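See below for the structure under consideration.
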Amino acid sequence: MATKNISILGSTGSIGKQSLDVCRKCGYSVKALTAFSSVKEIENQAREFKVQTVALVDENSAKELKIKLADTDTKVLSGVDGVCECAGTESADTVLNAIVGMAGLKPTLTAIGAKKKIALANKETLVAGGRLVMGEAEKNGVRILPVDSEHSAIFQCLQGKPSNRALKKIILTASGGPFFGKTAQELKSVTVENALKHPNWSMGAKITIDSATMMNKGLELIEAVWLFSVKPEDIEIVVHRESIVHSAVEYDDNSVIAQLGLPDMRIPIQYALTYPERFESPVGELSLSKIGKLSFFEPDYETFKCINICKNAINKGGLCTAAVNSANEQANLMFRQGKIGFLDIAERVQEVLERTPVCDEYTFDDVMEIDKFAREYVMR
Ligand code: NDP
Ligand code: MG
């Protein structure tokens, strides 16, 4: 059943704002909104959509917002608990999680516990706690619909798949980011400004840096393992500079099915909300003859080390992907703050992975513990 009442976590970010745009166009009712500290933006959103509940993680910002929204019926909450309360909002049938980072894990688990349909943009949720999330989703009979463009593409290509055996591999496309074709020597001196210039997508700062290091593709490989129950070795990463083919699947008969479209996140956001239906889109039509040429390359694994770090982490299992994710969140931030160089990101993440004990089972508290360890190690 297509979504009707939705809560958006991380509504003030790049995906959050585009999700609200989709809700506007589809006429969906928005019940709850959350952000970290963006008071003005969330105030405007709360007024426009007349939402029941909003939450800001930052306590002082929440106090400020409460004063600003005093003339409305909107309830203002604060802290991580406030965000989780929004994730469980009774009147919503769907929760779109567009929080950045593993801070999205707890709200995702809360929304699953409340049996909401999940539209998941927050890939770090699956990288940090894939086993917990998929386990809870199965237990609660909850469906997780991907928002990430590649995973939305794979999900679309899998519609009508005859049986589990029929799928041979997933072809995960990557734009290659702003530094495609550069050598490690050239990457030594790149600046934050260079790294923030993505060729095809306009996104939040963290994922834009992840695209430059290609950590984003490593995180997406792990995300695909959990979402589609495939082995890491059954995922082939292909650099596709034009970002038109959003990913593909290959079946046992060597037939390859791909999903194409202009690079605009409102297409996968909308599909996650309208699934299994398809509505008209504000995004333009794809004209293949205007594009003319599509190119594909093998990734440069030697220069962009983060992809293999993620492959190793998912193969080691347990908390290794959580450790890699948290180490990357910290190193990515420190690069943006000018505290470390571009190539230090992969190096520090690798060091954390080497120091993470291998285990099979883990709890939410274990994820939080490894998160603390990873961040502290990267900062040291
Ligand atoms: P942005 O940085 O633009 O937005 C992040 C949102 O999360 C903001 O609303 C922000 O609030 C909120 N937030 C930040 N920190 C916290 C926290 N600790 N706890 C709760 N909320 C927090 O990110 P994007 O929209 O680019 O990305 C969101 C997610 O979607 C990421 O996981 C990313 O990987 C994924 N994604 C993004 C794509 C894109 O095109 N942008 C494409 C595919 C996936 P505030 O404004 O107050 O800081
Ligand atoms: Mg993606």
Side-chain angles (χ1 to χ4, degrees), residues 7-21 33-45 54-62 64-65 77-87 96-108 110 119-128 146-155 172-177 196 198 200-211 214-224 227 237 240 243 245-247 259 263-269 272 325-326 328-329 332-333 336 371 375:
S7 297
I8 300 180
L9 315 180
S11 64
T12 55
S14 161
I15 293 290
K17 287 188 210 162
Q18 295 180 80
S19 301
L20 283 170
D21 200 25
L33 296 171
T34 80
F36 186 80
S37 62
S38 296
V39 176
K40 190 70 209 152
E41 184 75 40
I42 208 165
E43 183 201 344
N44 293 340
Q45 295 176 345
V54 294
L56 288 177
V57 177
D58 181 64
E59 303 283 345
N60 287 331
S61 306
E64 206 184 308
L65 181 64
L77 303 171
S78 65
V80 174
D81 288 347
V83 173
C84 288
E85 201 174 318
C86 286
L96 191 146
N97 187 349
I99 292 173
V100 61
M102 63 85 72
L105 176 58
K106 196 172 183 192
T108 303
T110 308
L120 191 66
N122 177 239
K123 64 193 83 182
E124 296 92 344
T125 274
L126 287 172
V127 180
V147 168
D148 211 347
S149 57
E150 296 78 0
H151 304 74
S152 174
I154 297 160
F155 180 64
L172 185 68
T173 55
S175 72
L196 285 173
H198 196 280
N200 305 339
W201 300 93
S202 157
M203 312 179 283
K206 191 255 176 187
I207 185 176
T208 307
I209 300 301
D210 283 346
S211 300
M214 292 198 76
M215 173 57 86
N216 186 48
K217 219 38 62 180
L219 300 178
E220 289 187 352
L221 180 135
I222 299 167
E223 185 186 10
L227 282 174
I237 298 173
H240 165 50
S243 296
V245 177
H246 297 303
S247 279
Q259 186 261 343
D264 188 313
M265 286 306 295
R266 287 172 303 175
I267 295 180
I269 292 169
N325 179 67
S326 294
N328 176 59
E329 284 188 28
N332 177 313
L333 176 68
R336 278 181 279 145
D371 175 65
R375 287 176 199 268

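When a residue number appears, it is its place in the shown sequence, counting from 1. It should be emphasised that the depicted structure is a prediction, and the values quoted were computed from it without experimental measurement. Start at 1 and go down the list; that is how both ligands and their atoms are numbered.
M203 contributes atom CE, which lies 9.5 Å from atom CD1 of I209 (distance to the nearest 0.5 angstrom).
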**Request:** Given side-chain hydrogen bond (donor to acceptor under 3.5 Å, both in side chains), test E64 with N60 step by step and report yes or no.
**Result:** CA-CA 6 Å; E64 206 184 308; N60 287 331; over 6 Å; no
**Item:** Worked check of salt bridge (Lys or Arg N to Asp or Glu O under 4.0 Å) between D371 and R375
**Value:** CA-CA 6 Å; D371 175 65; R375 287 176 199 268; 2.8 Å; yes
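Restricting E220 to its N, O or S atoms, the one at the least distance from the Mg ion (ligand 2) is OE2. In E150, the N, O or S atom that comes nearest to the Mg ion (ligand 2) is OE1. Looking at D148 and the Mg ion (ligand 2) together, the shortest N, O or S contact belongs to OD1.
In this structure, the side chains of Q259 and F155 stay at 4.5 Å or more apart for every pair of heavy atoms.
Checked by atom type, the side-chain pair E329/N325 shows a donor-acceptor distance below 3.5 Å. Of the N and O atoms on the side chains of S243 and N200, at least one donor lies less than 3.5 Å from an acceptor on the other residue.
Listed by chain and number, G10, S11, T12, G13, S14, I15, A35, F36, S37, S38, V57, A98, I99, V100, A103, A121, N122, K123, E124, D148, M203, G204, I207, M265 each place a non-hydrogen atom less than 4.0 angstrom from ligand 1.
For the side chain to side chain contact (heavy atoms under 4.5 Å, CB included) test, residues two or more places apart in sequence or in another chain that qualify with S152 are Q156, P268, Y271.
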